[in-house]
Every structure is written in structure tokens, then in C-alpha cells.
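Keep in mind it's a predicted model, so treat the numbers as computed, not measured. Residue numbering restarts at 1 for every chain, and letters A, B, ... go by the order of the sequence lines.
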4 protein chains.
Amino acid sequence: MTDSMGSRARTAAAKRQRLMTAAAQVVHRQGAERTTIADIAHAADVPVGNVYYYFKTKDDLVAAALAEHARQLELLTSRLEELDDPRERLKTLVEGWVSQRDLAARYGCPTGTLAAELDKRPEGGLDAEAGRVIRLLLDWAERQFRELGQPDPWDLALTLVGAYQGMSLLANALRDPDVMTRQGARLLDWLDSLPEAPAG
Amino acid sequence: MTDSMGSRARTAAAKRQRLMTAAAQVVHRQGAERTTIADIAHAADVPVGNVYYYFKTKDDLVAAALAEHARQLELLTSRLEELDDPRERLKTLVEGWVSQRDLAARYGCPTGTLAAELDKRPEGGLDAEAGRVIRLLLDWAERQFRELGQPDPWDLALTLVGAYQGMSLLANALRDPDVMTRQGARLLDWLDSLPEAPAG
Amino acid sequence: MTDSMGSRARTAAAKRQRLMTAAAQVVHRQGAERTTIADIAHAADVPVGNVYYYFKTKDDLVAAALAEHARQLELLTSRLEELDDPRERLKTLVEGWVSQRDLAARYGCPTGTLAAELDKRPEGGLDAEAGRVIRLLLDWAERQFRELGQPDPWDLALTLVGAYQGMSLLANALRDPDVMTRQGARLLDWLDSLPEAPAG
Amino acid sequence: MTDSMGSRARTAAAKRQRLMTAAAQVVHRQGAERTTIADIAHAADVPVGNVYYYFKTKDDLVAAALAEHARQLELLTSRLEELDDPRERLKTLVEGWVSQRDLAARYGCPTGTLAAELDKRPEGGLDAEAGRVIRLLLDWAERQFRELGQPDPWDLALTLVGAYQGMSLLANALRDPDVMTRQGARLLDWLDSLPEAPAG
DNA sequence: GATGAATGAGTATTCATTCAT
DNA sequence: AATGAATGAATACTCATTCAT
């Protein structure tokens, strides 16, 4: 029997994944507060009452959305690792951001806006989780700057990711994807301008 | 008679202002969605039912919070105008941001987080209003860069304000005010590095 | 001094009358339940808080609207009394109803719809008052039929006024003033068909 | 297995019907404006929050009440159709009205008073719906008069139904069921007096 | 496990009425 | 008397969560 986990289990896992994907998308578009369980259930084509077999609370679903974003991020960075030059990795990352400009202009950065929203809650909940996802990106970026031999790679990572968050927010607030394009170009220039191993 | 407008009128205007200030603060801390009218009423020490005498809907109160932020912003920039050098104005602005680092680390930039939240709503409401407030700051910054004789002053404004939004978001997500301090220092360096009227 | 009651009193009386007229109109259009004190105050151009110096409660205002309709009715019947023939009086009454067909098609008979609405309330309030106003019309009609020498003048009055109420309601429900015209013509025919003092 | 649709489904449908019946009754007694969702929920023995599972808004419930009246009306007319003679059908209809005299004296005609109330609202809502229900009765009555070979069957229908609405309103306003009895008798006489196929 | 239905706490909003001046 | 403002009770509606089958 090749169906070692049972078709039910496979369906269940698929349904769980469908819910996570739906949660990530819907929460990105509507925000966590304005998203109802029913919204997500509907987007995932899962009956409302059934959602609770996969996620005990709404917060669990939001955490799942966050995890889904983390997964996407890891997929992205692992693909970037295939590039030899850390500078190229960073530049390709920026190009990826720019290519998502329309989504950013409409809904902002998925992780950033979610982190901002969750940080409004009383301490000790999902806010820390959101911080962790953002730190994933920061850590990765820091590693690239370190490989490039830059001093203060953590600060550079903050600058890069901060610039991304900032330009996403402005593109969103101004509803203008062009902000992404032009600020993205500036980021690329900046990355190019960094010396090749300044400390020797 | 100094009480030319009647003490009631004065009280009424004061109460309205109290509600606006309270709305700005509470919404900054809790976000618009998680803030109830009762929260604001309580913070302003106004009976709940009475709030509606001053603001017809909750959205009106959120708009008032936004307007309050705009007012604060205009107060700030008008004070900055007293400085002769546009570069000094910009640097003082950045220093102001850094001085607010604890608030930013806890709740993010008031205008930025609010704009992000409002942009999650279906079009045609307060999102445009939020964009307008952010543009106030962008416009002012653009003017400073132009006075400095910089090329592409609008893009520079986007970079500056974007950096502020980004570092606020990261400081908030990481719950680390130090992000503000260090990224703020980098911004100051950047402002200093700009040539004095490069176009001649 | 001709201003024996004081200009204030005259103004007060005028204001009271303005409130009654406004109440009668607005309640006719919106119904008693959907009419707010503020609606009436606004229509009468009286500050909201001031209304309570003239009418202690909302119910008092509704009663005033009713009284206003009674006044109008008495004005009408007293004008009809100038006609010598009771049959002519009744026919002129019907013609008056038809001439109001557009108002009836839009809002029904003022007294009838108000009576219907007030009868939904728990006993012992304004419902009896509404009944009294309608009875004014019934009594007057009964007198005319009696003068005409008709048997069962009260039943004839009920038939006539009932027909008016019914055709107003149908014209209103169908939003068709023509109902008033055609049913009014039938009523006129019916009045004409009544024998001249059948009992001798 | 007789429980082919599942007991839940049966219960749900039953509950929905219970809510419709309760809505029809309570709205008849209290009027639409004075009826709260809680009133209907209580009358139907359904928890308030659950009502919204079956009807999204209060207006939907009022529409349901209207539909319930329409259903009752169709039940009635279909029973009347079993009589061979259209004149008998009409007379039996009138007798049915008279038999309901106590209810009419207390609360008026369910459809008529509801139509009157709904017509006070700003256009484009339930008022048209109410008109449609009344038209059902008018259409049926018109058909009977036509079968009787009467000229102007529509006008006769308006007269008959108008008389019913009028006498219900007067019985209600005067709180006197006797009005129904005596005016009903007059209607029966009138129906009897109509010639048997006057046009040929 | 799956599902429609149930539950109840929470929230914005309205409005008659009262109050302070 | 006049008036803007205050008050609080009511009410429609939402939604996370739970239940029964």
C-alpha cells in the first residue's frame, strides 16, 4: 500500500495548506482584524465549521499566514543562494521586490503590514511571531553583507530591509507602484556602490 | 468681557480637541480596528453617547486622529522653518524622529501604521486621507532638498521619508528603539554627504 | 398698549403653531416612529432643545400633529357647511379628497395612516386620540346623511369614510393617484344615486 | 428511512418557518418600526444571534412577514377557487374578513397596515414589496369580477379591497369589531346586487 | 473527521429627554 | 424662555467559537 498515510490524511494536509495559503492572501489584502474566519474558509473552499479542526483559534490562522510568508521567504532566499555573488543575491532580491510593485502599491508588504498590525495588540501574542519572520529576512541579508566583507552588516541589513518596508508603505499610501521602481533603482545603485571588501 | 464666545463654546471646542487628541493617541496605540468609540470616549473623559455630538461616525473620529497628526506635523515643520539651512532642517527632523524612538519601538510611526491599516479597507474611504497626510511630509521634504539644490528632490524625499517609515516599522517589529538611533545616525550621515548645490 | 399679551407671547404662540404644522407634515410623510424630534424642530426652524418648552414629550408632539389635522378637518367641514345641500357637501368633500390624490398616493391619508400606526402601540395612549379625530369626520358625515333623510346614516358614514381610507391606502400602496380619481368618481355616483329623503 | 433530509435540515426549515410566522404576527401587532429583532426571536423561541443565520437584516424579516401574509393569502384564494361561482367566492372572502373582525379591530388588516407603514420609508425598499402583496389580492378579485361578466373588473376589485381596507382601518381606529360586521353585510348586499353578466 | 447550525459577547449608532447657562 | 450640549438606554448587527449529528 503506497498510501501509507491514508488518503484522508493527505486530503487533510492539503486542506490545511489551502487554509494557510488562503489565510496569507486574504490577511494580506484585508488585514488581520478585518478578515473573518468565514472569509478565509470561503477563499480556501472549506466549510466554516471545519476550519477549527485545523486551527483552534483565529490567532492560530493568523500565525499560519505568518508562517506561510516565512515559508515563501525561505523559498526565495534558498533560490537566491544559487547565485555565487552575495551582491548579486541582494540585487536580485531587490529586483524581486520591484517586480511585485503592483501588489505592494495595493496592499503593502505582506509581512510588514501584518507585523505593524499585530504590534498594536497587547503584548505577548503574535507580535513576537511577526518580528521573528522579519528577522529571518534581516538575518539573511546580514549574512550577505558579511560575505561581502562589509562592516556593520546588521546595520546594512536594517537599512536595506527598512528601505524596502518604507518604499512599500509609501507606494501603498500613495497608491503608486512607480515608487517601487524608482526607489528600487536607488537601492540597486547603492548596492553597486558598496566597495568589494573594504576592510581587506 | 474676555468670555466673548461663551464658556460653553470654549468647553465644546476644548472637548472636541480632547477627543481628537485622545483619538490620535489611542488609535496610534491600538490601531483603528481595535479601537472602540468607548476607548476614545474614556481616554477623553467624555460620555460615550456624547462623542456622537462631535463626530458622527467612528470613521470621522479616525479621520480626526489623522487630522491631528497632520496638525502636529505642520507644527513641527513650521518650527523647523525657523532654521536657515534646509540641511539643518532635515537633520533636525531626523533627530526628532530619533528622540521619539521609544514610542516608535512600541507602536510604530503614527501616520505610517495608520495609513497601512486604512489601505486594507475597500477603496474610497479614509485611505486617500491617510495618503494626503503622508504627502504633506513628502512635499515639505522635497522642498528642502530642492532648496539644497539637489537633483530629483522628490525621489530624495521618498528616500528620506521611506527610510523613516522603514526604520520605525523595524524598530517596532523588533521592539528595539536602538534601531531608530543607529539608522537615524546613518540618515544624518547621508544628509551630510549630500553636496552643497551640486548643480552649481 | 395693543401688545396686550406681549410680543414674546405672540412669538411663542406662533412658534407653537409652527411646530404643530411641522409635526403634522413631517409625521404624515415619515410616520410617527420614523420622525425624530429633531426632524420636526428642523422643519419648524426651532432649536431642538427649545421644543420641550412647547411640548413635554414626543407623544405630545404627535398628539399636536393629530390636533392639527383635526383643526384642518374642522376648517374644511365648516367651509362645506356653507353649501345648502348636504348631498353637495358630501360630494364636495369627495372632490376635495380627489384633488389631494398626489399626496395620498405618496403618503396616504394623514389621519388614517397615523391612526393605523398609533393603534400598534400598547393601549391607553394616543390611539384613542386618533380614533377621536376620525370620529369627527364620521360624525359630520353622519349628520349629512341624516339631513338627507337616509336610513342608517352612521353606516353610510362608515361606508363613505371607509371608502376614502381604503382608496387612499390602495393609491398609496400602488403608488397610483389614478386610483383616487376613479374610485372618487364611483363615490360621487353613489352619492348621486341615493334617493332624496327616501323615508319621507 | 423517512429522515431523508436529516433531522437538522428539518429543524432548520421549521425554525425558519417559525421565525416567519412569528415575524408576521408580531409585526402585525406592533408594527414594523416598534418590533425589535429580539421580539421576534422571543416569539419564535430562537436565540437572538441565531436569527441572523436565517435572515440577514431586520428588513429581510419584515419582507418575510410580508411573504408569510402572501402565502396565507394564496392559501385562502386557492381554497376559494374550489367554489364554482365567482360571486360565492367573493362573498366567502368577505365572510372570512368579517370572521376576523376582532383581530382587525385590534390591529387592522395585516397587509394593509404594513403597506401603509412601509410606504413612509424613503423609496426603493420594502414598499414595493408590500404593494405587490396587495396586488395579489386585487388581481384575484379582478379575475372573479371578470368571470362574473362585470365591466371594469379592476375598478370593482379596487372598490372591494378598498372597502375591506377602509372598514378594517375604521374598526381598528374605533376599536369596534361591529364595524366589520355591518360593513361586511353591506358588501355582501352589494355583491348580490351585481347583475349576472350584464354585458351579455 | 465533516458540517450546518447555535450561541453570546461585543460594538457602532440613534434619539428622547434633560441640563447648564 | 432659549439653547447648545449631555446623557444613557435601546437596538441592529457581527463574528469567534462551540455544538450536535
Next on the checklist: Please confirm whether the shortest side-chain N or O distance from K15(B) to OP1 or OP2 of dG4(F) is below 4.0 Å.
Outcome noted: no
Checklist entry - For the pair made of NE2 in H42(B) and P in dA12(E), what is the distance, rounded to whole Å? => result 15 Å
Checklist entry - On DNA chain F, nearest-nucleotide positions of V46(B) versus T57(D): which is more 5'? => result V46(B)
Checklist entry - Would a distance-only check, ignoring hydrogens and angles, find a side-chain to backbone donor-acceptor pair under 3.5 Å from K58(C) to A32(C)? => result yes
Checklist outcome for this item: When rounded to whole Å, the CG to C1' distance for the pair L19(B) and dA6(F) reads 13 Å
Checklist entry - Within this structure, what is the CG-to-P distance between L61(D) and dT11(F), rounded to whole angstrom? => result 15 Å
Next on the checklist: With a 3.5 Å distance limit and no angle check, can you tell me whether R106(B) reaches the backbone of D119(A) through a side-chain donor-acceptor pair?
Outcome noted: yes
Checklist entry - Are D59(D) and R121(D) ion-paired here, with the side-chain N under 4.0 Å from a carboxylate O? => result yes
Checklist outcome for this item: Rounded to whole Å, CD of E33(B) lies from P of dA12(E) at a distance of 10 Å
Item to check | Identity of whatever pairs with dT21(E) - Watson-Crick or G-U, under 3.5 angstrom | outcome: dA2(F)
Next on the checklist: Check this one for me: any side-chain N or O of N50(B) less than 4.0 Å away from OP1 or OP2 of dA5(F)?
Outcome noted: no
Item to check | Residue mapping more 5' on DNA chain F - nearest nucleotide basis, V51(B) or R34(D) | outcome: V51(B)
Next on the checklist: Would you say Y52(A) places a side-chain N or O within less than 4.0 Å of OP1 or OP2 belonging to dT3(E)?
Outcome noted: no
Item to check | Any side-chain donor near an acceptor of the partner, Q25(B) and T21(B), under 3.5 Å | outcome: no
Next on the checklist: Nearest to the side chain of P47(A), heavy atoms from C-beta on, is which of dA1(F), dG4(E), dT17(E)?
Outcome noted: dG4(E)
Checklist entry - So which nucleotide from dA1(F), dT17(F), dT13(E) ends up closest to the side chain of K58(B)? => result dT13(E)
Checklist entry - Sub-3.5 Å donor-acceptor pair from the side chain of H28(C) to the main-chain atoms of L114(C), do we have one? => result no
Checklist entry - I37(C) CD1 to dA6(F) C1': how many Å, rounded? => result 16 Å
Checklist entry - Whole Å only: how far is the CG atom of D39(B) from the C1' atom of dA12(E)? => result 13 Å
Checklist entry - At under 4.0 Å, does any side-chain N or O of Y53(A) touch on OP1 or OP2 of dG1(E)? => result no
Checklist entry - Base, sugar-phosphate, or nothing for F55(D), non-hydrogen atoms under 4.0 angstrom? => result nothing
Next on the checklist: Please pick, from dA12(E), dA6(E), dA16(F), the nucleotide with the shortest atom-to-atom distance to any side-chain atom of Y54(D).
Outcome noted: dA6(E)
Checklist outcome for this item: On DNA chain E, more 5' by nearest nucleotide between G49(D) and T36(C) is G49(D)
Checklist entry - Given atom CZ of R16(D) and atom C1' of dA6(E), what is their separation to the nearest angstrom? => result 17 Å
